[in-house]
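Heads up, the thing below is written out as structure tokens.
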Amino acid sequence: MKTYNIALLKGDGIGPEIVDSAVRVLECVGKKLNIKFNFTPYLIGGIAIDETGKPLPEETVEGCLASDSVLLGAVGGPKWDTLPGNIRPEKALLGIRSAMGLFTNLRPAKLYPALKGECPLREDIVANGFDIMIVRELTGGIYFGERGYREGKYGEEAYDTESYSRMEIERIARVAYETARKRNKKLISIDKANVLETSRLWRKIVHELASEYPDVEVADMLVDNAAMQLVRNPSQFDVIVTSNMFGDILSDEASQITGSIGMLPSASLSDNTRGLYEPIHGSAPDIAGQNKANPIATILSGAMMMLYSFNEVEASDLIVNAVDKVLEKGYRTADLAHGAPALTTSEITDKIIEAIANND
Ligand code: NAD
């Protein structure tokens, strides 16, 4: 029997509830397809600060590096908001990404036919739906550049710098070309090459690689235009590749136009098969512990793990199809029910498990 060891980082707020849902779904899939999952929980975020004084204990890093892949809930909450920056729960996210060498972030933004009404854009704009995959560089650029405070011409000033090496751009561009190959073979590289040197190098290297992927159509777009095009005509995008900060902002915009952050998974990948899979939303402290959270983003993160870490295509398809079926039947958690009777976290998980078990 195939066995995968999965580290669970449940974290804070709704993290434990939604990770437990994903675990139940994976166990059901495992039973059906004869795959064994060993789940081992580790501390991260606020709960790790409470129990060990650190947002990312060494044991957690070691456990993740010893696992085949990692499933994360979310970290943070008001309890830890006043702590200094270096021991804030969110610090653990940068730390684990860097320890695992996760230089790629895949963020799908898909408008589900059953959830078209959630989209804040005009009906005619999204008549054809959209299904975008954002490939974001995750360990370079301005979030990791030299920074500090100094005395400037006008007194105290702060600075952050962005640099990108050829190696960093090449490896993320290759992931993007490969991803485009598996989809509709359309890649848009987003930069600010009219202003930034890093963007000019980015653009040059993306085009140098194009000859190795003649089947993929590649084009450039400036980031300000991209922000506009995402709300003007989102269906023009298939795969997007961009830098860390632009990807951070554009992927949030893309998720917003799907209208449902509780539905969106993400994958962070390294140059080996071990990845970190997590919903794009935060720890939702306002509904934590109430069995109200939508677990689908985390369940779909589990499906992405099956596909991108383990190449278990059937397992991934089973989960994705079950989610589609449950939505088509009209089942909703409170975030999507608009005041109508809603299912709890555990009830919608049961429905998804039922759909998988019955081959619905
Ligand atoms: P959030 O995503 O946690 O919540 C925003 C709103 O969306 C809230 O009203 C929440 O109830 C709702 N929501 C989010 N996920 C939901 C789900 N699965 N089902 C139903 N409703 C859901 O963002 P926030 O309120 O800005 O942040 C709360 C905490 O989460 C903060 O401490 C923040 O730092 C942290 N955070 C963590 C991550 C992460 O762990 N990756 C990401 C973003 C924010």
Side-chain angles (χ1 to χ4, degrees), residues 1-10 14-15 17-39 67-74 106-115 131 133 179 182-183 255 258 260-269 273-281 293-333 335-336 343-360:
M1 189 191 275
K2 269 182 288 183
T3 302
Y4 299 112
N5 297 312
I6 300 177
L8 298 180
L9 309 181
K10 298 184 184 184
I14 59 171
E17 302 161 59
I18 55 182
V19 169
D20 287 348
S21 287
V23 164
R24 287 178 55 212
V25 169
L26 287 173
E27 275 173 343
C28 169
V29 167
K31 213 165 150 192
K32 195 163 176 124
L33 300 181
N34 215 18
I35 302 171
K36 183 168 168 18
F37 298 110
N38 296 320
F39 296 103
S67 71
D68 295 319
S69 213
V70 182
L71 184 65
L72 169 73
L106 294 184
R107 289 256 309 239
K110 178 174 157 186
L111 184 62
Y112 285 83
L115 297 181
D131 183 357
M133 179 66 86
T179 307
K182 291 185 197 133
R183 295 172 47 107
S255 65
T258 69
S260 48
I261 58 170
M263 294 289 305
L264 297 173
S266 77
S268 299
L269 308 173
T273 55
R274 188 184 310 110
L276 177 80
Y277 298 83
E278 58 180 314
I280 67 147
H281 56 73
N294 184 347
I296 293 180
T298 316
I299 290 169
L300 290 174
S301 298
M304 286 187 89
M305 180 190 288
M306 293 303 108
L307 190 61
Y308 290 99
S309 280
F310 306 146
N311 205 22
E312 296 285 356
V313 181
E314 198 181 348
S316 174
D317 285 350
L318 265 178
I319 299 172
V320 171
N321 293 338
V323 167
D324 280 348
K325 285 278 145 51
V326 165
L327 292 174
E328 274 165 26
K329 286 187 178 167
Y331 296 118
R332 303 282 186 270
T333 39
D335 53 318
L336 299 172
L343 298 191
T344 62
T345 309
S346 37
E347 284 168 347
I348 200 140
T349 308
D350 291 342
K351 293 288 176 205
I352 293 167
I353 288 172
E354 232 175 83
I356 292 170
N358 300 341
N359 250 347
D360 214 347

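Predicted model, so just to flag it, every value in this text is computed and none were measured. Hydrogens, waters and symmetry mates play no part in the numbers below; they use all other heavy atoms, side chains included.
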[atom1]-[atom2] distance between [X] and [Y], expressed to the nearest 0.5 angstrom:
{"X": "Ile348", "Y": "Leu327", "atom1": "CD1", "atom2": "CG", "result": "6.5 Å"}
{"X": "Leu33", "Y": "Ile356", "atom1": "CG", "atom2": "CD1", "result": "9.5 Å"}
{"X": "Asn321", "Y": "Ser316", "atom1": "CG", "atom2": "OG", "result": "9.0 Å"}
{"X": "Lys110", "Y": "Ser260", "atom1": "NZ", "atom2": "OG", "result": "11.0 Å"}
{"X": "Leu26", "Y": "Ile319", "atom1": "CG", "atom2": "CD1", "result": "5.0 Å"}
{"X": "Leu264", "Y": "Ser255", "atom1": "CG", "atom2": "OG", "result": "6.0 Å"}

Under the criterion side chain to side chain donor-acceptor pair (under 3.5 Å), which of Thr298, Thr349, Thr345 is the partner of Ser21?
-> Thr349
Side chain to side chain, [X] and [Y], heavy atoms closer than 4.5 Å:
{"X": "Asn294", "Y": "His281", "answer": "no"}
{"X": "Val326", "Y": "Glu354", "answer": "no"}
{"X": "Glu27", "Y": "Phe39", "answer": "yes"}
{"X": "Leu115", "Y": "Arg332", "answer": "yes"}
{"X": "Arg24", "Y": "Ser346", "answer": "yes"}

Looking only at atom types and distance, does a side-chain atom of Arg274 sit under 3.5 Å from a main-chain N or O of Ser67, one as donor and one as acceptor?
-> yes
Considering all heavy atoms, the nearest [X]-[Y] contact:
{"X": "Leu72", "Y": "Pro279", "value": "O-CD, 3.2 Å"}
{"X": "Ala297", "Y": "Ser301", "value": "O-OG, 2.7 Å"}
{"X": "Arg183", "Y": "Asp131", "value": "NH2-O, 2.8 Å"}
{"X": "Ile35", "Y": "Met1", "value": "C-SD, 4.1 Å"}
{"X": "Ala322", "Y": "Ala355", "value": "CB-CB, 3.8 Å"}
{"X": "Leu269", "Y": "Gly275", "value": "CD2-CA, 4.4 Å"}

Asn38 vs Asp68, side-chain contact (heavy atoms from CB on, under 4.5 Å): CA-CA, chis, key distance, verdict = CA-CA 10 Å; Asn38 296 320; Asp68 295 319; over 6 Å; no
Heavy-atom neighbours of Lys31 NZ exceed 12 at 6.0 Å | no
Taking everything shown except Glu314 itself, do over 12 heavy atoms lie less than 6.0 Å from its CD?
-> no
Could you go step by step and tell me if Lys325 and Asn358 meet the side-chain contact (heavy atoms from CB on, under 4.5 Å) rule?
-> CA-CA 11 Å; Lys325 285 278 145 51; Asn358 300 341; over 6 Å; no
Per-pair distances, 0.1 Å, donor-acceptor, side chain in residues 303-313, under 3.5 Å, sequence neighbours excluded:
from	atom 1	to	atom 2	distance (Å)
Ser309	OG	Ser69	OG	3.1
Ser309	OG	Thr273	O	2.6
Ser309	OG	Tyr277	OH	2.7
Glu312	OE1	Lys2	NZ	3.3
Glu312	OE2	Lys2	NZ	2.9
Glu312	OE2	Tyr4	OH	2.5

CA sep, side-chain torsions, deciding dist, call: Thr258, Met263, side-chain contact (heavy atoms from CB on, under 4.5 Å) | CA-CA 9 Å; Thr258 69; Met263 294 289 305; 6.0 Å; no
